[in-house]
Asks: 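I have a structure here, written as structure tokens, and I will follow up with some questions on it.
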Amino acid sequence: MAVHEGVVSVFPNEKKQVLTTKSWDFIGFPINVERAQPESDIIIGVIDHGIWPESQSFNDIGLSSPPSRWKGPCQAFDFHCNNKIIGARYYKSKIDKDLSVSPRDTNGHGTHIASIAAGNPVSMASMLGFGQGTTRGGASSARIAVYKVCWSSGCEDMDILAAFDDAIADGVDIISFSLGGKITADTHFSDALSIGAFHAMKNGILTVCAAGNSGPNHASVMNVAPWAISVAASTLDRKFVTQVKLGNNKFFEGTSLNSFDLKGELYPLIYSRDAPNKEAGFDGYSSRNCPINSLDEKLVKGKIVLCEGNEGASEAFRVGAAGLLIQGTTCINVAYSFPLPACYLHTKDATKIRKYIHSKRTPTATIFKSNELRDTLAPEVPSFSGRGPNNVTLEILKPDLTAPGVDIIASWPPLSPISEFSGENRTLEFNIVSGTSMSCPHVSGAAGYIKSFHPTWSPAVIRSALMTTAKQMSPTYNQDAEFAYGAGQIDPVKAVNPGMVYDATEIDCISFLCGLGYSQSVLQLITEDVISCFDTVSARDLNYPSFVLKAPRPKHHLSGSFKRTVTNVGLPMSIYRAIVTVPKGLTVSVNPSVLSFTLLGEKKTYVLTIEGKLKKSINSASLVWDDGNFQVRSPIIIFDERAEKGESTKLYCINFIYIVIFNLLFYIIIE
């Protein structure tokens, strides 16, 4: 089919996955922040699992009728839309066994995301006492339009494309897309998000999407279209910790959201390898991760069990364990809920507990309720968040930004269990969840907030405002630097007045695609316009608020230039001077280094040139245009093939290999 005239691209109808509130205060966006009166005219479209309309986050108290330009329907037979949820659609290209064939959310993911983006303030919200406070959305007065494309069987590409088309026609301003699929080095038009977001951009609608949860590998970032925003996750200055006490009075600290109270009582402690379900064909080695049916109920019931893998909660619950200790294989900066008392431990601590178990005739332990502590290292990018470089276009920075995505509390459908483990039957109105799925709607809400002040700003200008005002993050605590956090952590208040912006129109994107080798006939099918590829633009010259240079080879001389055009949106009379920060071995020059403006809307063009040799695989630099009132910052990242292959990934892998070897030696010693 791909060779036939009229076919843009052919790709499988794949299923996308969900990429699973103190957060707004943490990024400097207080509840009493100045808001523009037109915020209630902003419409945020959420393409996801639907919504739970009865949530307090979505009542319409104090809201007038929907904006007159709104054209969308309410395709719901089991609830009524209101002046908050002004539209609801569902898409079901394949029939399955979902109970609710409607826009109603029975999963939780869609409700959680919608409330982060545009939910009403709800006071005294908590998850079983954790994270208590006021939950709210970034654009809390904005309207919500729901497009349910996800079901228990997944999220189909053909449904996603239909949802984009409808959202554009209905009249949304922002599209929030917390879904992701496979990571490929294919073209920009081989997935539904890229195609849908291009059409949205053409119609003046910004698409914000999640960077994916496939980190920390390099080139693991998803949703890399340059006409959309890709959002990484970062931590808050709050973390949930859980203590474990052994019978020898030694304490260990891990993470979880443990609301169960064992009241300090010590329970017998057993290691999963010592309790295989031999009748089901398991031995000690195969039971160590606690997969389903792997444990002997007679040996584990009423005891706390130590498992090596993340899948142990369902099995521990099935056999009636009193509690669960999990040996972590990844960074433990995310707290999860379990259907029984549980704690996720560092590998080194789990190893000490194993030694204790085999040194005592009757080992015992207890698990305490979780506590909230201050995380002084925040914001950090967690290990799960997708990393660059951009697999499709290496010299376009992705992710663009980061926003809170770890331990985020938001609304939840009371029909949906708070975790996916078997045996979980607790239902709540609020849940704490982590993922780039949660960071994405923070940016969607921030974008809606900015658009309420500047209704005529293009998607590219809003992205520029968010990127150039973002808070710089430390490469010391985030070894992948801009490939982990993009321009940095969003600052919505500063983004309303960015000083200068980098705009990029549909024509600019077409010139960029022409430069990548797309034919005029293919681009005409995509844009439905007459296209001429007479003018082409390289990735380096696309008017993006960041700079990425790939060195040809390590330790060889490199050189690269970038052309940019900025628009004055600050003060009419202003003079900006270029300030460059660059590591040793490299030089960055800017010509001209001074930009003088006399009018709002005036444009100036400059060229940035990078030269030198790389000492590291990833090198961070920056350009700041400063007029004394505004500081317009753009990240610069220079990398070579070592970063593309993933040196940090090798480090994670080496650590994992050491863990595996140590465990094997431990088994041999026991035998």
Asks: Please find out if less than 6.0 Å separates the ring center of Y449 from that of F29.
Replies: yes
Asks: Quick one: does T111's side chain have a donor or acceptor within less than 3.5 Å of a partner on W412's backbone?
Replies: no
Asks: Taking the six-membered ring for Trp and the full ring for Phe, Tyr or His, determine whether the centres of F317 and F421 are under 6.0 Å apart.
Replies: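 Not under 6.0 Å, so no.
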Asks: Of the non-hydrogen atoms in S452 and E39, which two are nearest, and what is the gap between them?
Replies: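 Result for this residue pair: CB-CA, 3.5 Å.
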Asks: Check each of R143, R89, R69 against D170 using the salt bridge (charged side-chain N to carboxylate O under 4.0 Å, His left out) test, and report the only one that passes.
Replies: R89
Asks: Once salt bridge (charged side-chain N to carboxylate O under 4.0 Å, His left out) is applied, do any residues pair with D60, and if so which ones, sequence neighbours excluded?
Replies: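 Not a single residue meets the salt bridge (charged side-chain N to carboxylate O under 4.0 Å, His left out) criterion with D60.
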Asks: Would you verify whether the NZ or CZ of K451 falls within 45 degrees of the ring axis of W457 while also being under 6.0 Å from that six-membered ring's centre?
Replies: no
Asks: Could you verify whether a donor N or O on one side chain and an acceptor N or O on the other, from H442 and S23, lie under 3.5 Å apart?
Replies: yes
Asks: If we check side chain to side chain donor-acceptor pair (under 3.5 Å) with S434, which of these qualifies: D407, T235, N333?
Replies: D407
Asks: Please list, chain by chain and in numerical order, all residues satisfying salt bridge (charged side-chain N to carboxylate O under 4.0 Å, His left out) with E429, sequence neighbours excluded.
Replies: none
Asks: With sequence neighbours excluded, what pairs up with E372 under the salt bridge (charged side-chain N to carboxylate O under 4.0 Å, His left out) test?
Replies: none
Asks: Side chains of S411 and S55: donor-acceptor distance under 3.5 Å anywhere?
Replies: yes
Asks: For D78 and S102, which I'm curious about, is there any donor-acceptor pair between the side chains at under 3.5 Å?
Replies: yes
Asks: Considering non-hydrogen atoms only, spot the tightest contact between R374 and K239 and give its length.
Replies: O-CE, 4.0 Å
